Amino acid sequence: MFKLGTKSRNNLQGVKEALIKLVEEAITTTRIDFTVIEGVRSQTCQQQLVKAGASQTLQSKHLTGDAVDLAAWVAGKLEWNEQCYYPIADAMRDAAIKYNVRIRWGGAWGLCLNDFPDARSATAQYKANRKELAKRQGKKPTYFFDFVHFELL
């Protein structure tokens, strides 16, 4: 149905072959078109993202080619609505299962997306885990979602 464009292919340079394979498979099966907005990034860029609050770690898998960011492409523009990212995550999950590659998704931190029937279930479990942790600590739950992010485990 969809295919990767030149910009997406360029943004995959330096990304691990196993992850490229998943992206290439997912673009052919997803219900929502997507573009690869980032693959490998520099340490300087990572430091800037942490400082801006857009990332929470200086040890990002983007630094080693083990992560990509895939943005929904709807009606000729980038779309950031969370609902657009579940079909993309489902396509990545299906590709990961097909090729026996374990992945993590920014919509369900700390979990392997392969272990769930779909992305919504993974997000629900992430939220439940964060609520339970907050309850044990006597705090309000906090969440960090990065729906565009996919990484190898």
Side-chain angles (χ1 to χ4, degrees), residues 2 8 11-12 14-43 45-74 78-153:
F2 301 112
S8 287
N11 288 341
L12 286 171
V15 171
K16 299 279 175 67
E17 192 59 40
L19 189 51
I20 292 173
K21 192 173 190 177
L22 300 186
V23 172
E24 289 175 340
E25 174 75 17
I27 195 66
T28 68
T29 62
T30 183
R31 293 185 296 110
I32 301 278
D33 195 7
F34 64 79
T35 183
V36 180
I37 56 173
E38 191 164 38
V40 177
R41 72 172 64 126
S42 70
Q43 186 67 48
C45 178
Q46 187 63 32
Q47 290 168 343
Q48 292 169 343
L49 290 170
V50 169
K51 187 174 184 178
S55 180
Q56 295 188 332
T57 181
L58 292 173
Q59 306 300 317
S60 172
K61 290 200 174 194
H62 282 283
L63 299 170
T64 59
D66 291 293
V68 293
D69 288 343
L70 308 177
W73 188 253
V74 179
L78 295 179
E79 176 60 60
W80 304 107
N81 181 313
E82 151 186 349
Q83 299 309 311
C84 292
Y85 289 87
Y86 292 109
I88 295 169
D90 286 339
M92 286 292 287
R93 174 200 163 276
D94 292 348
I97 291 170
K98 178 178 180 176
Y99 293 111
N100 198 29
V101 175
R102 296 184 58 79
I103 61 170
R104 180 179 298 127
W105 173 49
W109 290 110
L111 303 171
C112 177
L113 190 55
N114 307 48
D115 296 339
F116 294 87
D118 56 44
R120 288 183 189 280
S121 298
T123 299
Q125 185 62 57
Y126 165 73
K127 288 178 180 178
N129 292 353
R130 298 297 297 170
K131 284 180 185 176
E132 180 59 33
L133 176 64
K135 183 179 177 182
R136 286 196 314 264
Q137 295 174 340
K139 299 179 180 178
K140 290 179 72 174
T142 58
Y143 308 98
F144 178 75
F145 293 108
D146 189 0
F147 290 107
V148 303
H149 182 87
F150 296 86
E151 64 184 35
L152 297 173
L153 287 176

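Predicted model only: the values in this text are computed from it and were never measured.
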Asks: So how far is it from Met92 CE to Leu70 CG, rounded to the nearest 0.5 Å?
Replies: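 That separation rounds to 5.5 Å.
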Asks: Please tell me if the side chains of Val23 and Phe150 come closer than 4.5 Å, counting only heavy atoms from C-beta onward.
Replies: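 Val23 does not reach Phe150 side chain to side chain.
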Asks: Between Tyr86 and Arg31, is the side chain to side chain contact (heavy atoms under 4.5 Å, CB included) condition met? List the steps.
Replies: CA-CA 10 Å; Tyr86 292 109; Arg31 293 185 296 110; over 6 Å; no
Asks: Give a yes or no answer on whether the side chain of Thr30 reaches the backbone of Ile32 with a donor-acceptor pair at less than 3.5 Å.
Replies: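 Checked: pair present.
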Asks: Working to the nearest 0.5 Å, report the span between CG of Asp69 and CG of Asn11.
Replies: 10.0 Å
Asks: Within the 4.5 Å heavy-atom criterion, are Ile27 and Asp33 side-chain neighbours or not?
Replies: yes
Asks: Is any side-chain heavy atom of Asp94 less than 4.5 Å from a side-chain heavy atom of Thr29?
Replies: no
Asks: Evaluate the side chain to side chain contact (heavy atoms under 4.5 Å, CB included) criterion for residues Phe145 and Glu82: first the C-alpha distance (whole Å), next the side-chain angles of each, then the deciding distance (0.1 Å), finally the verdict.
Replies: CA-CA 9 Å; Phe145 293 108; Glu82 151 186 349; 5.8 Å; no
Asks: Measure the shortest side-chain to side-chain distance between Glu79 and Tyr85 over non-hydrogen atoms and say whether it is less than 4.5 angstrom.
Replies: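 No - every pair of side-chain heavy atoms lies 4.5 Å or more apart.
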Asks: If you take all heavy atoms of Ala67 and Val15, which pair is closest and at what distance?
Replies: O-CG2, 4.3 Å
Asks: Verify the neighbour count for atom CD of Gln59: are there more than 12 heavy atoms of other residues, nucleotides or ligands below 6.0 Å?
Replies: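 For Gln59, atom CD is not crowded (no more than 12 foreign heavy atoms under 6.0 Å).
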Asks: Report the C-alpha separation of Phe2 and Thr28 in whole Å, then their side-chain angles, then the decisive distance to 0.1 Å, and conclude whether the side chain to side chain contact (heavy atoms under 4.5 Å, CB included) test is met.
Replies: CA-CA 5 Å; Phe2 301 112; Thr28 68; over 6 Å; no
Asks: In Å and rounded to the nearest 0.5 Å, what is the CD to OG distance from Glu24 to Ser8?
Replies: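 Result: 11.0 Å between the selected atoms.
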Asks: Would you mind checking if Asp90 and Arg120 are paired as a salt bridge, meaning a charged N to carboxylate O distance below 4.0 Å?
Replies: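 No, no charged N to carboxylate O under 4.0 Å.
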Asks: Do Ser55 and His62 come within less than 4.5 Å of each other through their side chains, counting heavy atoms only?
Replies: no
Asks: Could you tell me which non-hydrogen atom of Val40 sits nearest to which non-hydrogen atom of Gly65, and how far apart they are?
Replies: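 Nearest heavy atoms, Val40 then Gly65: CG2-CA, 3.7 Å.
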Asks: With sequence neighbours left out, write down each residue that passes side-chain contact (heavy atoms from CB on, under 4.5 Å) with Ala108, or none if nothing qualifies.
Replies: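 Here the qualifying residues are Trp105, Leu111, Ala122, Tyr126.
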Asks: Is the CG atom of Asn81 crowded by more than 12 outside heavy atoms at less than 6.0 Å?
Replies: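 Counting other residues, nucleotides and ligands, CG of Asn81 exceeds 12 neighbours.
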Asks: Using a 3.5 Å distance criterion without hydrogens, assess whether the side chain of Ser121 forms a donor-acceptor pair with backbone atoms of Phe116.
Replies: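 Side chain of Ser121 to backbone of Phe116: no pair is present.
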Asks: Please identify which of these residues, Arg41, Arg102, Arg104, Lys16, meets the salt bridge (Lys or Arg N to Asp or Glu O under 4.0 Å) condition with Asp66.
Replies: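 Answer to the salt bridge (Lys or Arg N to Asp or Glu O under 4.0 Å) test with Asp66 among Arg41, Arg102, Arg104, Lys16: Lys16.
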Asks: Roughly how far apart are Phe147 CZ and Trp80 CH2, rounded to 0.5 Å?
Replies: 12.5 Å
Asks: Measure the shortest side-chain to side-chain distance between Leu22 and Tyr99 over non-hydrogen atoms and say whether it is less than 4.5 angstrom.
Replies: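 Leu22 vs Tyr99: side chains touch.
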Asks: CD of Glu25 to NZ of Lys98: how many Å apart, nearest 0.5 Å?
Replies: 3.5 Å
Asks: With distance as the sole test, does Gln43 use its side chain to make a donor-acceptor pair with the main-chain N or O of Leu63 at under 3.5 Å?
Replies: no
Asks: Could you measure the distance from the CG atom of Asn129 to the CH2 atom of Trp109? Nearest 0.5 Å is fine.
Replies: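 Between atom CG of Asn129 and atom CH2 of Trp109 there are 14.5 Å.
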Asks: Do you know which two heavy atoms are closest between Leu113 and Ala89, and how far apart they sit?
Replies: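 Closest pair (atom of Leu113, atom of Ala89, distance): CD2-O, 3.5 Å.
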Asks: State, yes or no, whether a side-chain contact exists between Thr57 and Val50 at a heavy-atom distance under 4.5 Å.
Replies: no
Asks: Nearest heavy-atom pair of Thr123 and Gly107: which atoms, and what distance?
Replies: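 It is OG1-O, 2.9 Å.
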